Amino acid sequence: MKKLLFKMQNKCIIDVNNSINSGQVFLWKKNNSNWYGVNGQDILKITDSGKIKSYKNIRTDFFRKKDNIEEIIKSISKDPITKNAVKQYPGLRIFEQDPFQCLISFIVSSNSNIQKIKSSLEKLSRKFGIKTEFDNQEFFLFPKPENLAKASINEIKSCGTGYRANFIKDAANRVMLKKINLENLKEYSYQETKKEICQISGVGNKVADCIMLFSLNKLESFPLDRWMIRILEKYYSDKFQLETKTITEKQYEILHEKIVEHFGPFAGYAQQFLFKMERENYQKKWL
DNA sequence: CCAAGGCCTGAATG
DNA sequence: ACATTCAGGCCTT
């Protein structure tokens, strides 16, 4: 009985390093064994003992305590590949981050890589975000929608975003004008939410799935980027046949349906474990 | 509905 | 050095 309890407690421990270094967040840095991260208009600090603190005491379920992680892990462990990935990274978790920051982050991410995404987001924050001091360190909060909406395209481009500058401004404008209400979308279904956010230019299937999984509480989202396609081809060629060479919108939809059929309603967690596993296999760099 | 080509940028490759 | 390729896609034709 004692042993079982210990095991259960052990399973609940969050592996902060691996969770931050799994492609879901970008504005985090480690300092003196503490992690500090920009989350919208707040700064979060995760101590070496795994406790999380909000600089502004804004309520957030960043660690997704609402999830029954043991149930989820049981649910997604449908095949030897996933079981192995889960076993390799037992404390890997999906965070629930600020939706607007997440939206802009993944617009910036398209056709890019982690280092460049991080660099662009840091520059955007430095240029358009509020300077803040916390634990004797300087931070810049993530830009508010209105500040990106009123910025010029060239100002945004100066942050290294390239052609995505138009998308960023457009997205910020939509949020500012409440043409889209990200908080409300948390209560919407997967399909409804996807339809809404895909209206933003620069947001396609993959980017939408990232935004929904990492900030809008849609755990059936399963972002299909180059890596995940490669993983499916490598380990799941028997289960998920790719009909076309390029992943068209229709193909993406069909594939997602098959994926949810296989992994279940928490498929997004499976994606996170598989992505982490394969990127580590190839020793890809994180933050 | 699918295929092909273009797009900012910067690090990696030859 | 300098040119080319490539990277967590998306949009237009």
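Because only heavy atoms are used, hydrogens play no part in the values below, and waters and symmetry mates are left out as well, while side chains stay in. Convention: sequence-line order gives letters A, B, ...; per-chain numbering from 1. Remember, predicted model here, so these are calculated numbers, not experimental data.
- Comparing the P positions of B/dG5 and C/dC6 gives a spacing of 15 Å, expressed to the nearest Å.
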*A/Phe222/A/Phe266 under ring-ring contact (aromatic ring centres under 6.0 Å, His included): CA gap, chis, key distance, verdict*: CA-CA 9 Å; A/Phe222 195 101; A/Phe266 310 112; over 10 Å; no
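- Taking atom CD on A/Gln199 and atom P on C/dC11, their separation rounds to 12 Å, with Å as the unit.
- Distance noted for atom C1' between C/dT5 and B/dG6: 16 Å (whole Å).
- Taking syn as a glycosidic angle within 90° of 0, C/dG8 qualifies as syn.
- Comparing A/Phe275 and A/Ser201 along DNA chain C, the residue whose closest nucleotide (by nearest heavy atom) sits nearer the 5' end is A/Phe275.
- Between the P atom of B/dC2 and the CD1 atom of A/Ile247 lies a distance of 11 Å, rounded to the nearest Å.
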*Treat primed atoms plus P, OP1 and OP2 as sugar-phosphate and everything else as base, then score nucleotides 8-14 of chain B 5' to 3': B for base contact with protein heavy atoms under 4.0 Å, S for sugar-phosphate contact only, - for none.*
BBS----
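- A stem is defined here as three or more consecutive Watson-Crick or G-U pairs, each with both distances under 3.5 Å; for DNA chain C these stems are B:3-7 with C:9-13, B:9-14 with C:2-7.
- For A/Tyr269 and A/Ser77, the side-chain atoms include no donor-acceptor pair closer than 3.5 Å.
- Both cation-pi conditions hold for A/Lys29 and A/Phe139: the charged atom is under 6.0 angstrom from the six-membered ring centre and inside a 45 degree cone around its axis.
- Rounded to whole Å, atom P of B/dC1 lies 9 Å from atom CD of A/Glu249.
- Figure legend: A/Lys276 and A/Tyr89 shown as a cation-pi pair, the cationic atom lying under 6.0 angstrom from the six-membered ring centre and within 45 degrees of its axis.
- Rounded to whole Å, atom P of C/dG9 lies 16 Å from atom CD1 of A/Ile168.
- Across all strands, A/Ile117 comes closer than 4.0 Å to no nucleic acid atom at all (heavy-atom distances).
- Under 4.0 angstrom from either OP1 or OP2 of C/dG8 there lies no side-chain N or O belonging to A/Ser110.
- A side-chain N or O of A/Ser189 and one of A/Glu192 form a donor-acceptor pair less than 3.5 Å apart.
- A/Phe240 and A/Tyr235 have their aromatic ring centers separated by at least 6.0 angstrom.
- For the P atom pair drawn from B/dA3 and C/dG8, the interatomic distance equals 23 Å after rounding to whole Å.
- What separates CD1 of A/Ile211 from P of C/dG8 is a distance of 18 Å, to the nearest Å.
- Each salt bridge (Lys or Arg N to Asp or Glu O under 4.0 Å) pair with one or both residues in residues 175-191 of chain A, not counting sequence neighbours, appears once here: A/Glu96-A/Lys186, A/Glu183-A/Lys186.
- For A/Phe167, the listed nucleotide lying nearest its side chain is C/dC11; candidates were C/dG8, B/dC1, C/dC11.
- Between the side chain of A/Asn21 and the main chain of A/Leu287, a donor-acceptor pair closer than 3.5 Å is present.
- Looking at A/Lys53, its side chain never comes within 3.5 Å of a backbone N or O of A/Lys45 through a donor-acceptor pair.
- Between the CH2 atom of A/Trp227 and the P atom of C/dA7 there is a distance of 9 Å, rounded to whole Å.
- The same atom, C1', is picked in B/dA11 and in C/dC10; the two are 22 Å apart, to the nearest Å.
- A/Ile254 places its CD1 atom 12 Å from the C1' atom of B/dC2, with the value rounded to the nearest Å.
- For the C1' atom pair drawn from C/dC11 and B/dG10, the interatomic distance equals 23 Å after rounding to whole Å.
- Remark: P of C/dA7 and CZ of A/Arg226 are 6 Å apart, rounded to the nearest angstrom.
- With hydrogens and angles disregarded, no donor-acceptor distance shorter than 3.5 Å links the side chain of A/Asn32 to the backbone of A/Asn34.
- Within the 4.0 angstrom heavy-atom criterion, base atoms lie near A/Lys206.
- At a threshold of 4.0 angstrom between heavy atoms, the contacts of A/Arg279 include nucleobase atoms, whether or not backbone atoms are also involved.
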